[in-house]
Amino acid sequence: MRRKIIAGNWKMNKTPAEAVSLAEMLRDRVNTDNADVVFCVPAIDIIPVAEVVKGTNIAIGAENVHYEESGAYTGEISALMLKEAGVKYVIAGHSERREYFGETNTMVNKKVKKILEHGMIPIMCCGETLEQREMGITLEHIRIQIKKGLYGLTADDAEKVIIAYEPIWAIGTGKTATSGQAQEVCAAIRKTVEEIYGSKTAEKIRIQYGGSVNAKNAAELFSMPDIDGGLVGGASLKEEFEKIVNY
Ligand code: PGA
């Protein structure tokens, strides 16, 4: 049985002081008995939020990382820095980073490797645009993202990766994929992992759905056979996140 994993993606929201208040409120409500719970927070909020959740089972995630070890990369943050700050999970290749900051599958692959090298767990995102869905090339697009993103990883490393399927047309739009649509793609992702690494790895790897997950749709989405939890944006900034975790 794969354990569910539910991660909040705070995106570019919450100053350090606001982040502490939100983390304290959620810490006192979320139940970590049945699922791994992660707060992926802005880089500057990592240290104060890690302090708030110290001694609980809530893990801290980062929203991005650079793929080089260190050096002249003004404005960037390294995996080593994140690790030392208490980060356990790192999002790689969120569609907003791909769209607004030019992240490619090759960069995502380098990030995934760097995150693993430092003993953290990548949350590797994939997802199609509305145009790709309408053209009927969703699965082709996702398969390429998965194959390029995992390229060169051993099976031992691949099974640690969390894959987040996030249809771009469902992110922040209030338009959720139906549980059938989400299941279809998550099953195809697992199949792709099976083709590369075999059934043992495919059975173990955890696949999240993301895109307008809320307290009302979480239970149905998370009950699908190939959906092992969610990556939650807007609803992770509110009390509602507790209901999603305790779906
Ligand atoms: P959303 O964002 O829940 O606000 O749609 C999800 C995400 O981008 O991870």
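In this text, all values refer to a predicted model and were calculated from it rather than measured experimentally.
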So do the side chains of [X] and [Y] get within less than 4.5 Å of each other, counting heavy atoms only?
| X | Y | value |
| --- | --- | --- |
| V108 | Y67 | no |
| V38 | I60 | no |
| K148 | T106 | no |

Side-chain donor or acceptor of [X] paired with backbone N/O of [Y] under 3.5 Å:
| X | Y | result |
| --- | --- | --- |
| E18 | T15 | yes |
| S212 | A170 | yes |
| Q145 | N105 | no |

Enumerate the residue pairs fulfilling ring-ring contact (aromatic ring centres under 6.0 Å, His included) with a member in residues 26-59, sequence neighbours excluded, ordered by first and then second residue.
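ring-ring contact (aromatic ring centres under 6.0 Å, His included) check on residues 26-59 returns W10-F39.
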
Exercise: do [X] and [Y] side chains pair donor with acceptor under 3.5 Å:
| X | Y | value |
| --- | --- | --- |
| H141 | Q132 | yes |
| E128 | W169 | yes |
| H118 | E84 | no |
| S199 | E194 | no |

Ion pair present between R29 and E239, side-chain N to carboxylate O less than 4.0 angstrom?
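Salt bridge present between R29 and E239.
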
Salt bridge check: are E68 and K114 linked by an N-O gap of less than 4.0 Å?
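No, E68 and K114 are not salt-bridged.
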
Which atoms form the tightest heavy-atom contact between I123 and Y89, and what is the distance?
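Nearest heavy atoms, I123 then Y89: CD1-CB, 4.1 Å.
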
Measure the [atom1]-[atom2] distance between [X] and [Y] for me, rounded to the nearest 0.5 Å.
| X | Y | atom1 | atom2 | answer |
| --- | --- | --- | --- | --- |
| E166 | S95 | CD | OG | 6.0 Å |
| I91 | N64 | CD1 | CG | 9.0 Å |
| E242 | M25 | CD | CE | 9.0 Å |
| I77 | L82 | CD1 | CG | 6.0 Å |

Partners meeting side chain to side chain contact (heavy atoms under 4.5 Å, CB included) with K216 (sequence neighbours left out):
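If we apply the side chain to side chain contact (heavy atoms under 4.5 Å, CB included) test to K216, skipping adjacent residues, the hits are N214.
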
Run the side chain to side chain contact (heavy atoms under 4.5 Å, CB included) test against A235 and tell me which residues pass, sequence neighbours left out.
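For A235 the side chain to side chain contact (heavy atoms under 4.5 Å, CB included) partners, ignoring immediate neighbours, are V232, E240, I244.
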
Considering residues at least two apart in sequence or located in another chain, which fulfil the ring pair (Phe, Tyr, Trp, His ring centres under 6.0 Å) criterion with H66?
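Residues passing ring pair (Phe, Tyr, Trp, His ring centres under 6.0 Å) with H66: Y73.
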
Given I144, I142, I146, the one that forms side chain to side chain contact (heavy atoms under 4.5 Å, CB included) with T192:
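Exactly one candidate clears the test, I146.
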
Does E103 form a salt bridge (charged side-chain N to carboxylate O under 4.0 Å, His left out) with R98? I'd like the steps, not just the answer.
CA-CA 4 Å; E103 276 186 24; R98 293 175 190 260; over 6 Å; no

Applying side chain to side chain donor-acceptor pair (under 3.5 Å), which residue pairs with at least one partner in residues 32-43 are found, sequence neighbours left out?
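As it turns out, the side chain to side chain donor-acceptor pair (under 3.5 Å) pairs with a partner in residues 32-43, which skip direct neighbours, are R3-D36, D36-R206.
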
Give the table of side-chain donor-acceptor pairs shorter than 3.5 Å for residues 224-231, with sequence neighbours excluded, one pair per line with atom names and distance.
| residue | atom | partner | partner atom | Å |
| --- | --- | --- | --- | --- |
| D226 | OD1 | R190 | NE | 2.6 |
| D226 | OD2 | Q183 | NE2 | 2.7 |
| D228 | OD1 | R2 | NE | 2.9 |
| D228 | OD1 | R2 | NH2 | 3.4 |
| D228 | OD2 | R2 | NE | 3.1 |
| D228 | OD2 | R190 | NH2 | 2.9 |
| D228 | OD2 | I207 | N | 2.9 |

Hey, quick one: are M124 and M120 part of the same hydrophobic cluster, counting side-chain heavy atoms closer than 4.5 Å, chains of contacts allowed?
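Yes, one cluster joins them.
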
